[in-house]
Amino acid sequence: MKVIIVGGVAGGASAAARLRRMDENAQITVYEKGPYISYANCGLPYYIGGDITDKYDLLLETPDTFKQRFNIDVFVNHKVVAINKEKKQVTVEDLTTGKQLIDTYDKLVLSPGAEVIVPPLPGIDSPLIFTLRTVPDTLKIKDFIANNKPQSVLIVGGGYIGIEMAENLTQAGLRVTVAELTDHVIAPLDYDMASEVHQYLRHKGVTLLLNQGVQSFATVASKITATVAGKPYEFDMVLMSVGVKPDTKFVVSSGLKLSSRGAILTDEHMLTSDSNIYAVGDAVAVKNYVTGEEGYIPLAGPANKQGRIVADNLVGIPSTYKGTQGAAILKVFDMNIATTGLNETAIKKAGIAYDKIYNFDANQAGYYPGGTNMTIKLLFEKVTGKILGAQIVGFKGVDKRIDVLSVAMRGHLSVDDLTDLEIAYAPPFAAAKDPINMTGYLAQNVLHGVIKQYYVEDLCQIPSDGSVTFLDVRSPGEFRRGHIEGAINIPVDFLRENLHKLDKGKKIYVNCQSGFRSYLACRILSQLGYDCAHLAGGYRLFQILDNEAVVETGLKGRCGRLLKK
């Protein structure tokens, strides 16, 4: 069996190595358009920032080591430019010489990856504008910083790479500005969770231009001026990081079926519309694990798994890819940001009836020194309690909790099941009731009607004419430092002896700092005949969003964020 693999990074290299391990006699050839194979492209920002000091640490394999260990022929700087599926041939261009050759295959595996989106803006061809996707991109940026000593940089796009580069370019000594076309960074996050990231980035000296698109560039000497939302800003360099798209232009003429965005369509075995051609990685459309709908989620983990699945199928081992749920984690300075499954935008688009809870909890026992809190947002289906997605922002223990929630989703667990999970416990690692268990308890209370919630976004719809009561159950000191407009203050520990201050004829909207004391208050009040709901996420979340409203719009008061809409 002669197998040609197009692309030698994550999915392609994984397919090649697994295929060799399963079939010593297969003839395997890999064509990679770049000068490197099997490199850690997720580690590229950290070489620029200095955490990784040797570029060769990023190179997992070379053509020579692949040949020596796996007996696989790897040709770098060789780009497949056409596929003839009737003749089972590929046309390959040697990028060094410009010559073309024809090679034949029994089976073809496509793993060309994705390419950076570069919008056709005026001035986009400036030598001061960079992208980051490959090792050569990294070396170009690293050399430019070393030789030109830039002081300021504009990052266009606030996705994973953009925010990772915000950290690493700051560490490299540059003043960083991020321009993001939407209202928040890290698209898989919801706005409320991203707002906490915004505040931390500003604290670290990163300037954010949110809801502001770049319109043009103008380069004069060693300076580049970017016009952002009609206003000029001057920088020493620019990094374009607005996203990626499938690198499939050479596939179009082959007749293989593609999605509307140009991703290669495959079945669960990663087989394309041609029975002799498979495809994997960032070039393929995937099934969203939660909704079952077609999606495009370019991540390294799924690419590597898909490569292995293809190799197994090539040697007759039935293997299927069951979908991508988008589990991902990002480090920015000391903060960790993680997601899995759907966010609220995707859930609404899918038309799913859902609810949500927020859990502000410590990564370890409260009495053990060195702990930090994390914000966990859990999204789940009403009635069934099926977990739809989760987002976590914090500093320690985020990776552990998102992985547990991701596995819970993969195992079709409900929010009720989270309360039963037995998670390793010792004071340096967690409380006896882990944040995962507590998240389950919170969701369970909402799911089964033990507690009613209201949300920060509801505040503008709640009457402020005195027909309802806003009750803050924090301490008087906390209340004096800031509170929701119109609220009265009765600390939860003194609630029972102050019930005469509350009108049973009015609905009571309760808040505390994070949601725990307001939950206790509502349990007291609801059992005594009061109509009570507590603020999900507490005053802490309200304050984060209210501060964002002031930063972004100058609007103040409890409705500032919504007035912007």
Side-chain angles (χ1 to χ4, degrees), residues 10-11 14 18 42 160 188-190 193 266-270 280-282 284-310 312-313 317-330 336-347 349-350 352 354-357 359 374 376-392 397-424 430 434-444 447:
S14 178
R18 173 67 173 176
C42 294
Y160 287 105
L189 289 178
D190 289 316
M193 297 294 283
T266 71
D267 65 10
E268 61 183 357
H269 303 286
M270 307 312 299
V280 301
D282 292 355
V284 305
V286 295
K287 180 178 76 172
N288 186 293
Y289 186 77
V290 182
T291 65
E293 300 296 320
E294 178 191 303
Y296 181 66
I297 309 174
L299 293 169
N304 279 280
K305 295 178 180 68
Q306 292 162 5
R308 182 183 176 95
I309 287 167
V310 164
D312 282 354
N313 282 295
I317 301 174
S319 187
T320 61
Y321 187 68
K322 298 176 177 62
T324 302
Q325 65 195 73
I329 190 165
L330 164 74
N336 298 317
I337 304 150
T339 65
T340 188
L342 306 180
N343 60 16
E344 286 197 64
T345 301
I347 292 172
K349 184 177 180 181
I352 301 171
Y354 75 100
D355 216 325
K356 60 186 177 183
I357 60 95
N359 180 21
M374 67 187 91
I376 303 175
K377 180 178 183 178
L378 188 73
L379 300 155
F380 55 95
E381 194 172 46
K382 287 186 175 180
V383 182
T384 69
K386 173 185 176 182
I387 302 170
L388 300 172
Q391 301 161 39
I392 309 179
V398 170
D399 54 343
K400 172 180 176 178
R401 275 71 188 199
I402 201 68
D403 285 343
V404 172
L405 291 170
S406 192
V407 171
M409 290 179 64
R410 185 66 59 159
H412 304 290
L413 302 187
S414 70
V415 298
D416 288 319
D417 295 316
L418 295 181
T419 67
D420 296 327
L421 292 182
E422 187 173 337
I423 296 173
D434 189 87
I436 292 295
N437 301 131
M438 294 303 300
T439 298
Y441 290 131
L442 290 170
Q444 191 178 60
L447 182 67

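These values consider heavy atoms only, across backbone and side chains, with no hydrogens, waters or symmetry-generated copies.
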> With sequence neighbours excluded, what pairs up with Arg308 under the salt bridge (Lys or Arg N to Asp or Glu O under 4.0 Å) test?
Replying inline: none
> Do Ile387 and Leu418 come within less than 4.5 Å of each other through their side chains, counting heavy atoms only?
Replying inline: yes
>> Do Ile376 and Pro435 have side chains that approach each other closer than 4.5 Å (heavy atoms only, starting at C-beta)?
In response: yes
>> For the CD1 atom of Ile337 and the CG atom of Leu330, what is their distance to the nearest 0.5 Å?
In response: 4.5 Å
>> I need the Thr324 OG1 to Tyr296 OH distance, nearest 0.5 Å.
In response: 11.5 Å
> How would you list, by chain and number, every residue that makes a salt bridge (Lys or Arg N to Asp or Glu O under 4.0 Å) with Asp355, sequence neighbours excluded?
Replying inline: none
> Under the side-chain contact (heavy atoms from CB on, under 4.5 Å) test, which residues partner Glu294, sequence neighbours left out?
Replying inline: Ser259, Leu265, Ala285
> Thr339 versus Met193: any side-chain heavy-atom pair under 4.5 Å?
Replying inline: no
> Do Asp434 and Arg401 come within less than 4.5 Å of each other through their side chains, counting heavy atoms only?
Replying inline: yes
>> Once salt bridge (charged side-chain N to carboxylate O under 4.0 Å, His left out) is applied, what residue pairs with a partner in residues 402-423 remain, sequence neighbours excluded?
In response: none
>> Going by side-chain contact (heavy atoms from CB on, under 4.5 Å), name the residues that satisfy it together with Ser406, two or more places apart in sequence or in a different chain.
In response: Gln325, Ala327, Thr340
> Are Glu344 and Lys377 within salt-bridge range, i.e. N to O under 4.0 Å?
Replying inline: yes
> So does Lys356 pair up with Asp190, basic N to acidic O under 4.0 Å?
Replying inline: no
>> According to side chain to side chain donor-acceptor pair (under 3.5 Å), who are the partners of Glu381, at least two apart in sequence or on a separate chain?
In response: Thr384
>> Please tell me whether Asn313 and Ser319 have a donor and an acceptor in their side chains that are separated by less than 3.5 angstrom.
In response: no
